[in-house]
Amino acid sequence: MAYKVAGIDVHKEVLRVVVCEVEVPETEPERRRFGTTTSELRRLSAWLRQQGVQQAVMESTAQYWRPIWYELEPYMHLSLAQAFSNRAPRGRKHDFRDAERLIRRLVAGELILSFVPEAEQRAWRTMTRMKVQLTRDKSRLQSQLECLLEEMRIKLSSVISDLLGASGCRILRALAQGEADPKNLAALGSDRLQCTEEQLMDALSGNPQPFHRQLLALYLERQQIIVEQMEKLDRMIAEAMKRYQEAVVRLAAVPGFGADSAQQVIAEVGPEASMFPSAANLTSWVGTCPGEEVSAEQNQSSRSAKGNKYMRRILNQAAHAAVKKRGSHFQAVFRRLLPRLGYKGAIWAIAHRLCRLLWKILHDGVVYIERGTEPNPRAQRQRVRTLVRALRKLGYEVDLKLITPRIPASPSLMEIPSTG
């Protein structure tokens with residue numbers, strides 16, 4: 001039976017499809033045009049199965065490839081090519097020729113293919129990425145709120161550390177409801193605030209206008225909606241990853257990571273990182289390993305290639321947090337690399353090590369053991385309590401505890417009992 005491959009040139013409203021027999025390249029390919037509605041996609045699926053197509057390849061054009069992928073996924077092997085790896089010569093671009101070129105370059109191994117996970121992991125990605133977007137929206141809203149308070153001549157953020165914390169929200173709600181007396185507003189602050197009552201009253205002695213209060217109320221309503229949506233997403237993600245909570249706990253114990261970042265990593269690479277045969281393969285896909293630009297036997301640049309932007313963001317944030325943990329192994333490595341690589345280079349080197357480490361934890365099912373300098377036992381216990389509290393808040397049933405290490409060189413070890 002002839003092995004047939006379909007090339008699909010994807011657009012928002014139209015698809016150009018070419019079917020070729022790869023073993024007999026001289027045969028005339030079949031060409032068809034389809035729409036992108038559900039009925040048209042079903043017609044496309046039926047036609048490809050009638051033609052005996054075993055594999056299909058398409059370009060990753062924005063998000064328009066997703067409906068085609070979901071429709072064809074149960075029936076054939078699919079490949080998603082990065083668009084720039086199928087570029088046509090200038091002045092020779094045509095939709096059907098683009099689809100034919102996709103097939104030729106796929107057979108020749110010249111396409112750069114994207115990693116598309118299974119349906120369950122795709123759902124995790126959608127939820128975790130939505131939460132990241134909500135976090136950015138919350139930060140943007142806080143900046144807009146700061147601008148409004150400056151226009152009102154209220155310097156609240158200068159005397160309290162968290163403008164949208166418990167005390168800040170109480171004061172802002174009272175301000176939006178019409179309270180103008182700085183003394184009454186200052187009385188809403190917590191006793192644990194670092195500023196004095198006089199400093200707080202001075203910061204709240206502004207000149208808010210009626211339209212300022214109305215805008216402030218709108219900002220606070222939007223902030224409350226974002227917080228509620230983030231809490232709902234937390235519960236949805238924890239419920240979706242309930243089967244893999246042991247992997248979440250193992251990752252969350254690594255310096256720089258937490259429950260939230262552990263969930264994001266698993267959503268991007270999978271609970272066992274099974275698609276990546278080695279740590280080097282994962283770091284290459286993420287884009288944390290040194291790059292190559294070799295010409296005349298000389299490497300002109302070792303700058304890292306572009307990779308998965310979501311994983312790069314997580315690892316960059318985790319690296320910044322890991323090097324600040326006192327006595328950790330990553331802090332010692334960072335201080336050793338800092339004079340030679342500079343701050344950015346040393347941080348990226350730590351991100352590379354974290355990427356290799358998380359592959360080891362997920363792929364081999366091991367537990368992280370801190371091998372840095374002697375840590376503070378009180379800080380260790382506080383770290384365990386914080387981690388347990390964060391995981392239980394998300395709905396995971398965990399019980400972490402410190403145990404005495406059997407290896408003298410390992411000053412601390414977190415034991416994670418089986419939760420299955």
Please output the side-chain donor-acceptor pairs of residues 209-223 that fall under 3.5 Å, not counting sequence neighbours, one pair per line with the distance.
from, atom 1, to, atom 2, distance (Å)
His212, ND1, Gln209, N, 3.1
His212, NE2, Glu151, OE2, 3.2
Arg213, NH1, Leu175, O, 2.6
Arg213, NH1, Glu179, O, 3.3
Arg222, NH1, Gln144, OE1, 3.4

Under 4.0 Å between a Lys/Arg side-chain N and an Asp/Glu carboxylate O for Arg129 and Glu268?
yes
Presence of salt bridge, Glu40 and Arg43, under 4.0 angstrom
yes
Going by distance alone, is a donor N or O of one side chain under 3.5 Å from an acceptor N or O of the other, for Glu146 and Ser157?
yes
Contact summary for [X] and [Y], nearest pair of heavy atoms:
X	Y	value
Leu111	Ala81	CD1-CB, 3.8 Å
Ala349	Leu341	CB-CD1, 4.2 Å
His363	Ala273	CD2-O, 3.8 Å
Ile350	Ala319	CG2-CB, 3.9 Å
Ala322	Phe330	CB-CB, 4.1 Å
Ala252	Leu387	CB-CD1, 3.5 Å

Quick check on Arg173: does its CZ atom have over 12 non-hydrogen neighbours (other residues, nucleotides or ligands) under 6.0 Å away?
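At most 12 heavy atoms, drawn from other residues, nucleotides or ligands, come within 6.0 Å of this atom.
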Below 4.5 Å, heavy atoms only, C-beta onward: do [X] and [Y] meet side chain to side chain?
X	Y	answer
Val116	Arg122	yes
Phe115	Asn308	no
Glu71	Arg42	yes
Ser85	Glu110	no
Leu145	Leu164	yes
His94	Arg16	no
Arg243	Glu120	yes
Tyr368	Leu358	no

Only counting residues at least two apart or in another chain, list the ones meeting ring-ring contact (aromatic ring centres under 6.0 Å, His included) with [X].
X	answer
Tyr310	none
Tyr75	none
Trp348	none
His320	Tyr343

Within this structure, what is the [atom1]-[atom2] distance for the pair [X] and [Y], rounded to the nearest 0.5 Å?
X	Y	atom1	atom2	result
Leu78	Trp69	CG	CH2	5.0 Å
Ile154	Leu185	CD1	CG	7.5 Å
Asp162	Cys169	CG	SG	7.5 Å
Leu102	Arg104	CG	CZ	9.5 Å
Lys155	Leu149	NZ	CG	10.0 Å
Arg66	Leu80	CZ	CG	9.0 Å

Set of side chain to side chain donor-acceptor pair (under 3.5 Å) partners for Gln224, sequence neighbours left out
Glu228
Centres of the Phe276 and Trp285 rings: under 6.0 Å?
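Yes, they do, as the ring centres are separated by less than 6.0 Å.
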Ignoring hydrogens and angles, tell me if any N or O in the side chain of Ser45 forms a donor-acceptor pair with the backbone of Leu41 under 3.5 Å.
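A pair under 3.5 Å: no.
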Sidechain-backbone polar pair: Thr283 side chain, Thr288 backbone, donor-acceptor under 3.5 Å:
no
Ring geometry between Trp124 and Tyr244 (parallel below 30°, tilted from 30 to 60°, perpendicular above 60°):
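Rings of Tyr244 and Trp124: perpendicular, over 60°.
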